[in-house]
Amino acid sequence: MALLERLRDLLGPSGFVADGEDRAPFERDWTGVYRGEALAVAMPSAVDELRAVVRLAAEAGIAIVPQGGNTGMCAGAVPRERSLLLSTKRLDAIRSVDPRDWSVTAEAGVVLADLQAAAQSVDRFFPLRLGSEGSATIGGLVSTNAGGTRAVRYGVMRDLVLGLEVVLPDGRLWNGLSRLRKDVTGYDLRHLFIGAEGTLGIVTAATLRLYPAEPAIASAFCGVPSVASAMEFLDIARQKSCDAIVTFEIMSKPCIDLAAAHVDGVRRPLAGEHRWHVLVEIAAHDGAARLESCLVGAMERGVVADAVIAQSLADAAGFWRIREGVVEAQPRLGLSIKHDVSVPLDAVAAFCERAEAEMRRRLPASIPLFLGHCGDGNIHANLAQARTPADIFTASTARLTAAIHDIAEALGGSISAEHGIGFKKRDEFLARTDPVEFDLMSRIKRALDPADKMNPGVLMPPMQQREAAE
Ligand SMILES: Cc1cc2nc3c(=O)[nH]c(=O)nc-3n(C[C@H](O)[C@H](O)[C@H](O)COP(=O)(O)OP(=O)(O)OC[C@H]3O[C@@H](n4cnc5c(N)ncnc54)[C@H](O)[C@@H]3O)c2cc1C
C-alpha cells in the first residue's frame, strides 16, 4: 500500500513497525482483554514528523488511533478496523522546566515518573500520582483527564494543565502552550482536548503546573466502622488539618484480607478487624501534630475505631503496599467486574451500601472489593469472581454493571470518574447522556474531525452510526 511505503520512508526503521509480531504488543491493551489489528505502527520522533503522518493518513482516508503508555482502562488505545496506530513513545523530550514560573513543558510521550523526577531536580513537585506512573504518558494522562491518589489536594490532570500543543486531524498545529495562570481571551480550547481520549486531535506537548516540594508526609492507617464514618472522618480531617490532606483512600475489609494473603511483604497494620480502612496522609511541616489532632477528634466522635501512625518511611511504604497490592492480587480471586464510579461526597456512603447489597444479592459467592479515592467521591466498586462459576459470573457482568451504574446515576454520580469512556463504556455512555449534551459533543467532533478519522468509535459511535440515529 502506498501509504505504508510513504510512512516507512518518512519515519525510517526505528519509527515504523509493520510486521505482525512486532505490532502485537501495541495491538492489545494491558489487561489482554481487548485486541485489535493495526495497519502499522507509526512512532514519530518530532512534532513535524507526526504532522506529516497525520496528513498522509488523512489523504489516504485511514483512521488514526493515538497511543501513549497503553495503560488505559477503557480500551481507548486499541486499534480497530485496520487503523494506523500512532505511538507517542519517541516524542519524549522535556522541553523546559521553569522553577521560577512553577511550570514544566513536556512532550506527549514523556512518562509521568520521568516528569516527576525532572520537577524534583529543581526542588519542585508535580503532584499527579497513580499506580501506572512508571508507564503512563503525559499525552495519555491529558487525554483521559487522569486522577489518582493526590487529586483530593491538587485536583485532576485538567487542574494541572496550563497549555497544550495539539496536531489537528487535518495536520495543522494548534500551539496553545500558554504558561498563563489567568487568561480570559475567548474560548479556553485546551479543555476540549483534555479528556477527549484522542478523538479530536493528538496532544503533542503540555505545559503543566508545578508545586512546592511537599514537606514531610504524615501517614496513618485507620480502621473505621462504616463508609459514613470514613466520610465524617474526612470532614474532621479537612477542618482540623486546615485542608492539608493529600491522600484519603478507602479499602473494604476483603481488600485487606486479599493483599495480606497474596502480596509479598504485606502486613496488617492494625491488630483488630474492621469493616473499612482509610489510608490518610497530611503534607505539612507540622504534619504529625496535625494528623494526631485529626485522629483524636475522629476517635472522640467514634468515627475512627483504631489507627496506627507511620513512624518511618518504611511504615508508610507498607501502607501503600497494601493499597497497591489489592489491585495486584485481585486476579488471584479469578475474574473481575470493575467499576470506576464517582458520586457527590455526601452520597459516597449510600452508594457503597447500595452497590455492595446489589452485588451480594446477584452473585452471593463472589467477593465485593471496594477501594478508591473516596476523598474525591471516586469509588472503584469491584467484584471478584471467587466461588461463582465463570460462565455465570461472565453472563452476569453487563446486568450487574448496569445496576451499579444506575445506583450511581440515581445519586447524581458518573459512570466514569477517572478512567474515561474509551470503547468499553461507549454505548452505555451514549444511553445515559443527556441528548442535548450528546448533540453538543457530536457537533464539536464533527467540526474538528469532519471525516471521523481521529480514534473513531471511541467515546462516541462512529459517524455513520451517529448520522443514522439523527
Ligand atoms: C496499575 C494501574 C493503576 C492505575 N491507576 C489510575 C489512577 O489512579 N487514576 C487514573 O486516572 N488512572 C489510572 N490508571 C489508568 C491509566 O494509567 C490512565 O488512564 C492514564 O492516563 C493512561 O495513560 P497512557 O499514556 O497509558 O494512555 P493510553 O492508555 O495509551 O491511552 C489512553 C487514551 O488516551 C489516548 N491518547 C494517548 N496519548 C494521546 C495523545 N498524545 N493525544 C491524544 N490522545 C492520546 C488514547 O487514544 C486512549 O484513548 C491506572 C492504570 C493501571 C494499569
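Atoms considered below: every heavy atom in the structure, side chains included; atoms not considered: hydrogens, waters and symmetry mates. For ligands, and for the atoms within them, numbers begin at 1 and follow the listed sequence.
- With sequence neighbours excluded, the residues satisfying salt bridge (charged side-chain N to carboxylate O under 4.0 Å, His left out) with Asp257 are Lys253, Arg268.
- Annotation for Arg95: atom CZ counts as buried by contact number, over 12 foreign heavy atoms lying within 6.0 Å.
- Stacking of Arg209 on the aromatic ring of Trp102 is not recorded, the 6.0 Å distance cut-off and the 45° axial limit not both being met.
- Near ligand 1, residues Trp30, Pro66, Gln67, Gly68, Gly69, Asn70, Thr71, Gly72, Met73, Gly76, Ala77, Thr88, Ala108, Leu130, Gly131, Ser132, Ala136, Thr137, Gly139, Gly140, Leu141, Ser143, Thr144, Ala146, Gly147, Gly148, Glu197, Gly198, Gly201, Ile202, Val203, His373, Glu418, His419, Asn455 each place a heavy atom inside the 4.0 Å sphere around the ligand atoms.
- Judged as a salt bridge (charged side-chain N to carboxylate O under 4.0 Å, His left out), and not counting sequence neighbours, the contacts of Arg23 are Glu27, Glu37.
- By the 6.0 Å and 45° rule, Arg28 does not stack over the aromatic ring of Tyr34.
- Every residue meeting the side-chain contact (heavy atoms from CB on, under 4.5 Å) condition with Asp315, not counting sequence neighbours, appears here in chain and number order: Ala310, Gln311, Ser312.
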